[in-house]
Amino acid sequence: MTTAETSVNGTPSPVATPVLRARGLVKTYGHVVGLDGVDLELYPGEVLAIIGDNGAGKSTLIKCLTGAEIPDQGEILLDGERVHFKRPQDARAAGIETVYQTLAVAPSLDIASNLYLGREVRRPGLLGSVLRLTDRAGMRKAARRHLTDLGISTLQDVTVPVESLSGGQRQAVAVARAAAFGSKVVVLDEPTAALGVRESGQVLELVRTLRDKGVPVIIISHNMPHVFEIADRIHVQRLGRRAATITPRSHTMTEAVALMTGAAEA
Amino acid sequence: MSATTTAPPADPAAEFLDRRSPLERARGVLHRYPALSPAIVLVLSVVVFGMLNERFLAPANLSLITQQVAVVGTLAVAQTLIILTAGIDLSVGSVMVLSSMVVAQVASGSGVPAALALLIGLATGVACGGLNGLLVTRLSLPPFIATLGTFSVFTALALLYSHGATVRGGDMPALLTWTGTTIPVGGVRVSTGVMLMLAAYLVAAYALSRTAWGKHVYAVGDDKEAARLSGISINRVLISVYLAAGAILALAAWIQIGRANAASPNVGVDMNLDSITAVVIGGTSLFGGRGTVWGTLLGALIVGVFRNGLSLAGLDVLYQTLAVGILVIVAVSLDQWIRKVRR
């Protein structure tokens with residue numbers, strides 16, 4: 001399958017090895033074809049947006065990349081190595097962190113506990129191995145540092161429960177958790193869907209910070225202005241395939257929508 | 001121009017100020033510290049009952065209150081763990097009774113050493129908890145239904161196994177009734193059973209607040225899906241909670257034998273609801289994920305103080321039941337109101 005690989009100044013050089021690459025992914029659910037041979041490349045230090053109409057296969061594609069679904073055919077390469085994810089934990093262990101639309105935070109736990117939920121750090125020595133004592137002070141300190149690194153200065157008290165935060169702040173906690181553990185790729189599913197204008201702006205700023213720190217980001221969004229504001233490249237998904245890969249400079253929003261709906265061919 | 005004035009223009013800095021009313025602020029504080037409201041209620045009730053009757057604050061009476069609270073207080077530790085996972089356990093009293101009958105019969109009848117009998121009782125409690133856990137995880141039964149069933153099963157087993165007969169303390173080795181002996185602590189006689197109860201609270205509080213397991217218990221009760229996506233195995237956490245609860249119930253069985261100086265298949269089966277009462281008054285939410293065992297201890301003490309204080313005031317036992325019922329309704333209403341803080 002040949003696609004329009006538009007090369008424009010500022011886009012990553014095609015010579016670079018993709019951090020994450022999918023080739024010919026096929027996923028069917030009975031007679032329903034979710035993915036029909038999808039290719040995808042994510043290059044170092046870029047924000048790749050995935051757009052597409054409902055049913056185009058965006059979610060299925062992301063689920064295959066993050067281990068929530070196992071593709072029937074095709075291969076996924078992380079840093080050039082072939083990987084097989086059977087569970088979301090496998091993908092996470094390999095360095096692919098996902099921020100789900102539901103955020104997957106425990107509202108009554110504090111920020112630090114949420115950042116470390118499922119990977120708590122124990123105290124060294126017998127305190128940790130026998131008494132299972134967690135390193136609460138260490139985790140809180142590290143949590144503050146992670147938040148500061150991402151420029152989230154409004155969340156310095158990491159002991160407040162997440163439920164007392166605004167929607168944007170919760171999103172920031174979820175993104176910080178994804179970014180905090182030396183991840184190779186961060187996947188954001190509709191990160192601005194439930195947010196107001198100002199909070200959306202803060203989350204987009206967070207995505208930029210993440211990219212500037214060298215972490216490549218895949219972002220799924222229905223919001224065209226957000227996509228065109230943040231993305232370096234845009235993967236257009238249509239009918240279970242990649243219709244095109246464009247950039248905000250090569251195409252206008254109207255042209256992108258035309259590609260999405262099939263009104264135009266790449 | 002309209003004569004009716006509209007709202008004055010908002011101060012641009014206003015949104016940075018805390019504009020909540022004092023009531024809303026109080027709610028925020030109570031929301032953050034779930035054990036605070038039961039602590040206030042306990043202090044107030046001790047003061048009021050102390051003023052009503054000078055005998056209430058006598059060391060002997062305070063000692064009695066703690067001993068009256070010891071068994072239900074221990075059951076309530078197990079109940080707290082389960083309610084934190086958004087479950088409920090209607091079988092706690094029957095598990096305790098079954099375990100106490102096993103311990104008493106094994107030690108008194110067949111010449112098994114007392115320590116070994118206690119271990120067999122522990123195994124009984126853990127097995128009962130494990131059965132509840134399997135029904136909730138493998139069969140995905142709602143905890144209410146699963147434990148309603150096992151409540152009847154364990155009650156019947158205790159009666160069948162003991163042939164309905166009470167084992168008297170005198171027929172048991174001294175180790176089994178040791179939990180009923182008292183030690184003077186600064187003028188107040190504290191029973192070893194009460195100390196074992198406090199030990200259960202200390203261990204549970206440590207496990208819940210300072211270990212990863214504890215965080216996972218809260219996360220599972222708070223939002224199962226979020227916990228799962230965070231890589232936590234829901235079923236493993238639930239099974240471990242029911243097993244731990246079973247072990248605590250076996251401890252309660254030992255404390256009950258010492259307190260009653262007997263093991264009876266008919267006493268304690270009805271303590272299920274008392275344990276839930278203590279947990280709820282202690283500020284733990286029946287929706288899971290919120291609460292502490294210290295709140296439960298305060299809740300158990302509040303119930304003990306009310307029952308004791310009302311009986312010292314010369315009121316019929318029916319009024320104690322009435323008062324406890326009102327306490328539960330007030331506590332749950334308060335919990336609902338506090339939870340509205342959630343945005």
Checking [X] against chain B: side chain, backbone, both or neither under 4.5 Å from a heavy atom?
X: A:R87; answer: neither
X: A:T66; answer: neither
X: A:V160; answer: both

Of all the heavy-atom pairs spanning [X] and [Y], show the shortest one and how long it is.
X: A:L109; Y: B:A219; result: CD1-CB, 4.1 Å
X: A:S108; Y: B:G289; result: OG-O, 2.7 Å
X: A:P107; Y: B:D223; result: CD-CB, 4.2 Å

* Highest number of heavy-atom pairs under 4.5 Å with chain A: which of B:S233, B:G221, B:A212? ->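 Most heavy-atom pairs within the cutoff with chain A belong to B:A212.
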* Asked: Is any NZ, NE, NH1 or NH2 atom of the basic residue among B:R290 and A:E163 found under 4.0 Å from an Asp or Glu carboxylate oxygen of the other?
  ->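 Yes, B:R290 and A:E163 are salt-bridged.
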* Hey, mind stepping through A:T134 and B:K215 against side-chain contact (heavy atoms from CB on, under 4.5 Å) and telling me if it holds? -> CA-CA 10 Å; A:T134 48; B:K215 293 288 178 207; over 6 Å; no
Nearest 0.5 angstrom please: [X] [atom1] to [Y] [atom2], how far?
X: B:R210; Y: A:R136; atom1: CZ; atom2: CZ; result: 4.0 Å
X: A:Y100; Y: B:E225; atom1: OH; atom2: CD; result: 9.0 Å
X: A:L133; Y: B:T211; atom1: CG; atom2: OG1; result: 9.0 Å

* Interface moiety of B:L229 toward chain A, non-hydrogen atoms closer than 4.5 Å -> both
* **Donor-acceptor pair, side chain of B:Y206 and main chain of A:L131, under 3.5 angstrom** => yes
* Short side-chain to backbone donor-acceptor contact, A:R92 and B:S230, under 3.5 Å ->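 Yes, because the side chain of A:R92 sits within donor-acceptor range (under 3.5 Å) of the backbone of B:S230.
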* Do you know which of A:T98, A:T159, A:V121 has the most heavy-atom pairs with chain B at a distance under 4.5 angstrom? -> A:T159
* Asked: Is the count of non-hydrogen atoms from other residues, nucleotides or ligands lying under 6.0 Å from A:L126 atom CG greater than 12?
  ->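 No - once you tally the heavy atoms of other residues, nucleotides and ligands closer than 6.0 Å, there are 12 at most.
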